[in-house]
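Encoded as structure tokens, here's the structure I'll be asking about.
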Amino acid sequence: FIDLTLKSEQEEYVREGIQWEDVEYFNNKPCVDLIEGRGGILALLDEECLFPKGTDQSFLAKLNSQLRNHEYFAPPSGKGSTNNFGMKHYAGLVGYNVDGFLDKNKDTLFVDLSNLMQTAQNSFVKQLFPAEAFTTKKRPPTAGLQF
């Protein structure tokens, strides 16, 4: 978004002959791809959630093995960093602790809420959560993919 906006604005200034100072900006696309892209952090998290014996540690091991060569991924380093990884972006190196990642991604609130609303006495509330929408065998979207 920033790349597109700033780049197009600066190109327009050049076309219109407007004097301006070139604005340098950080291209955040590689970071977004690291998180949301195919084989990125969220994809690996969803994949790990499919395994009954998947753990936060096995997720971290998968991150380290599959993303270790990504220029914006920082594997754990040093003592006491067994549950952490980092990402390099415009704010510098930001660390993340994987404790609870799998549980948080398996968020069942929507399914639980939908089931509860099906028991409501109010017909309008029941219409908001139709039962047939929740009888699919398809795996529900994880919390990470809902946003």
Side-chain angles (χ1 to χ4, degrees), residues 1-118 120 125 128-147:
F1 173 77
I2 292 173
D3 181 48
L4 177 66
T5 304
L6 290 176
K7 186 176 181 180
S8 65
E9 285 296 315
Q10 291 182 41
E11 288 172 352
E12 186 174 337
Y13 288 1
V14 169
R15 280 193 309 273
E16 294 180 7
I18 298 172
Q19 282 190 331
W20 57 281
E21 277 188 40
D22 191 26
V23 176
E24 291 189 30
Y25 52 91
F26 182 85
N27 181 1
N28 216 29
K29 185 172 179 354
C31 294
V32 172
D33 290 343
L34 173 62
I35 298 168
E36 297 179 346
R38 186 177 181 160
I41 293 170
L42 289 179
L44 294 174
L45 179 59
D46 284 345
E47 183 179 293
E48 196 62 23
C49 285
L50 290 174
F51 296 110
K53 293 186 179 185
T55 66
D56 295 326
Q57 289 301 311
S58 60
F59 167 61
L60 181 60
K62 189 173 283 189
L63 288 178
N64 289 328
S65 70
Q66 296 189 26
L67 299 176
R68 72 175 168 260
N69 294 325
H70 192 286
E71 65 180 313
Y72 291 98
F73 180 77
S77 61
K79 292 184 179 183
S81 60
T82 58
N83 295 340
N84 302 306
F85 70 93
M87 270 187 50
K88 304 169 194 162
H89 54 76
Y90 71 92
L93 179 61
V94 177
Y96 297 91
N97 185 307
V98 297
D99 291 340
F101 266 46
L102 267 65
D103 285 339
K104 291 173 187 170
N105 196 51
K106 293 177 187 175
D107 184 11
T108 59
L109 176 62
F110 184 73
V111 174
D112 293 344
L113 177 64
S114 300
N115 291 335
L116 178 64
M117 293 299 109
Q118 283 299 303
V125 172
L128 294 174
F129 298 89
E132 46 287 347
F134 307 104
T135 57
T136 179
K137 299 283 185 197
K138 189 176 177 184
R139 185 171 68 98
T142 58
L145 288 180
Q146 291 181 39
F147 300 100

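Remember, predicted model here, so these are calculated numbers, not experimental data. The residues of the chain are indexed from 1 along the displayed sequence.
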In Å and rounded to the nearest 0.5 Å, what is the CD to CD distance from E12 to Q10?
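So the gap between those two atoms works out to 11.5 Å.
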Looking at side-chain heavy atoms only, is the closest gap between F73 and N64 below 4.5 Å?
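Side chain of F73 against side chain of N64, heavy atoms only: contact under 4.5 Å found.
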Distance (rounded to the nearest 0.5 Å) between L34 CG and K29 NZ
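Result: 11.5 Å between the selected atoms.
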Please tell me if the side chains of P30 and Y72 come closer than 4.5 Å, counting only heavy atoms from C-beta onward.
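Yes, their side chains come closer than 4.5 Å.
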Between NZ on residue K106 and CG on residue D46, distance to nearest 0.5 Å:
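Here the rounded value is 11.0 Å.
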Taking side chain to side chain donor-acceptor pair (under 3.5 Å) as the cut-off, I'd like each qualifying pair that reaches into residues 49-63, sequence neighbours left out, listed once.
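Only E47-K62, E48-S58, E48-K62, T55-S58, Q57-N83 qualify under side chain to side chain donor-acceptor pair (under 3.5 Å).
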F59 side chain reached by L45 side chain, heavy atoms, under 4.5 Å
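Touching, per the 4.5 Å side-chain cut-off.
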side-chain hydrogen bond (donor to acceptor under 3.5 Å, both in side chains) partners of K88, counting only residues at least two apart
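Checked K88 against side-chain hydrogen bond (donor to acceptor under 3.5 Å, both in side chains); zero matches.
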Return the minimal non-hydrogen interatomic distance between A120 and V125, and the atom names on each side.
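Residues A120 and V125, closest heavy atoms: CB-CG1, 3.8 Å.
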Pairwise side-chain contact, I41 with M87, heavy-atom cut-off 4.5 Å (strictly under):
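Yes, at least one pair of side-chain atoms sits under 4.5 Å.
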Under 4.5 Å between any side-chain heavy atoms of M117 and L128, yes or no?
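The answer is no, as the side chains (C-beta and beyond) never meet within the 4.5 Å cut-off.
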What's the separation between atom CD in E36 and atom SG in C31, rounded to the nearest 0.5 Å?
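The CD atom of E36 sits 11.5 Å away from the SG atom of C31.
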